[in-house]
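Every value quoted in this text rests on a predicted model; they were computed, and no experiment measured them. Order of listing sets the numbers, starting from 1, for every ligand and every atom in it.
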Amino acid sequence: MEELNVKLANLIFPEITETIEDLEKRFPKRDLPEGAEVTRFAPSPTGFLHIGGLFGSLIDMRVANQSNGKFILRIEDTDKKREVENGITLLVKELKAFGINNDEGVTGEFAEIGEYGPYKQSAREYIYKVCAKELIKRGRAYPCFCTAEELDKLREAQERSKQIPGYYGTFARCRNYTVEEAIAKIEAGDKYVVRFRSLGSHMRKVKVQDIIRGKIEMAENDQDIVIIKSDGLPTYHFAHAVDDHFMRTTIAVRGEEWIPSSALHLDLFNTLGFEQVKYAHTPTIMKNDNGSKRKLSKRKDPESAVSYFIEEGYPADSVIEYLLTIINSDYELWRKANKTANWREFEVKLNKLNSSGALFDMVKLTDVSKEVISRLNSAELLELVLAWAKVYDNSLYELLNKDLAYAKQILGIERDNATKIRKDIAKYKDILPNIFYMYDELFEKDIENGYNFNLNNGKLTMDDVKEVISNYIELHKQGLTKENWFEEVKKMAEGLGYQVNMKEYKANPDAYKGSIADVTGIIRVAITNRQNTPDIFLIMDVLGANKAQARLEKVLSI
Ligand code: GLU
């Protein structure tokens, strides 16, 4: 180490007395079982959790948990401009809402757990400076005095002459100052940042190993990037190398937009003497927009924010299970074979991740969600709906709370002990439109605008409707059972001139008044004012025979 370099390092970082070696001791290699992976989710506290962030953190958590490793939440708050108040609280809350729990790192605005912290980058200034100071001592970092205007001019000149942009080689003016010159400038009060001194050449190639994509070849780094900004905080690149080394991360799962920077990161790790972290660059979540793929945009697509799914009332498990179908295409097969298993039992395989883009498909998510909800029993569903409604739909909350046992019975229709389970509900917001008719006051309000009888394209009249209803009332009074209901209704229908065999009806519709579907449809609308509902017998059963009868009689009075 040259004495002058040491002098420069002490001038820039007089307060730093520790060395990289000291840090190595302070943050020793983890004592974890063979194969255990240490991953981290490293968002900026912008108060906005993007669906891509949930996707990444889910992978992080699963890879760590399934290998008995550690999953860290690290906050990358070195860009003070992007920060929002309570950003961390919001983030932690949203992650928790989706069952993403970290073993280590930040757990709240001012709280963290683990031995490898601090886990907020703004609190790690000292650690970055230890590493930067050492690079300066070794002649591998230097102060750069270029102003923003000078750098703008440099970029323009490079663009004009079609050269690779950046601060490198002969363009890196400040790397050529002698150490004495640099010291003199600092002593004269010139402002500076600290830059890395790369010894690379973009004429040479390097290979970056990626678990998802295999080996990626790219030009070696030769950029003298800024490592410590004028505010004393590190850039992403430097913090990545320092943090992932000293937090003993084994796999950095991060977005594919970082692939081009990987050569630089390799350069930094090597120069710092750190063992290279393994990479898994995940695909960007895209959306199909009228046939062309584009990134999910924060501004245009509400579904880019995970808060959207919470507000709309998608169960957290639905969003997670949908993301798992994007992560590993065999998830659905696994789910079919393991109907009651928790998604945490599925093994996420990083090397099976589709690298060629992840398409976010709301229709598919809706289907997955219907499946997820169909696996819940009425008690589980009621609990989830109540928790959601309490925050997002107060009138639903009050409605259900009027009689919780009744609410549970309603949600149990075609669910509890059912042979065929209903799959018409994708989110809690769908519930009210599907159950309102179980409540007299809402049903009454709904029929104020008239009944939705399907009169089979004019084939049936309101007199026909009333004829069906008045005959059915007689049957209803006898107290039918689930077993004989349909048989009795069919007999009644036949007696009134309706065909009970749909095939025969379709072959010769003019020969009959209508079909059995018309008859059950009339009963359904009289009770619910909807043409599609779960089993109408079950609905009447929960509603109660007297209420059902009153609704039937009401039709006769119009
Ligand atoms: N804060 C960086 C980002 O949000 C983290 C990237 C990484 O995981 O290394 O893109």
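A salt bridge links Arg74 with Asp243; the closest basic N to acidic carboxylate O contact falls under 4.0 Å.
Close approach of ligand 1 to Glu76 (heavy-atom distance below 4.0 Å) involves ligand atoms 1 (N), 2 (C), 5 (C). Each of the following atoms of ligand 1 lies closer than 4.0 Å to a heavy atom of Arg254: 7 (C), 8 (O), 9 (O).
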Check the pair Ile259 / His281 against side chain to side chain contact (heavy atoms under 4.5 Å, CB included), numbers first and verdict last.
CA-CA 7 Å; Ile259 293 177; His281 289 104; 3.4 Å; yes

For His240 and Tyr279, what are the C-alpha separation, side-chain angles and deciding distance, and is it a ring-ring contact (aromatic ring centres under 6.0 Å, His included)?
CA-CA 12 Å; His240 156 52; Tyr279 287 115; 5.7 Å; yes

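Of all protein heavy atoms, the one closest to atom 9 (O) of ligand 1 is Tyr236 OH, 2.5 Å. Taking atom 8 (O) of ligand 1 as the reference point, the nearest protein heavy-atom neighbour is Arg40 NH1, 2.9 Å.
Looking at Trp258 next to ligand 1, an N or O pair under 3.5 Å apart turns up.
Using a 3.5 Å distance cut-off with no hydrogens or angles, the side chains of Glu24 and His245 do pair a donor with an acceptor.
Contact annotation: Ala42 has at least one heavy atom less than 4.0 Å from an atom of ligand 1.
Every pair passing salt bridge (Lys or Arg N to Asp or Glu O under 4.0 Å) that includes a residue from residues 306-328 is listed here, sequence neighbours excluded: Glu312-Lys429, Glu321-Arg335, Glu321-Arg375. Evaluation of the salt bridge (Lys or Arg N to Asp or Glu O under 4.0 Å) test over residues 339-350, restricted to residues two or more places apart or in two chains, returns Asp330-Lys349.
For Phe41, no heavy-atom contact with ligand 1 is shorter than 4.0 Å.
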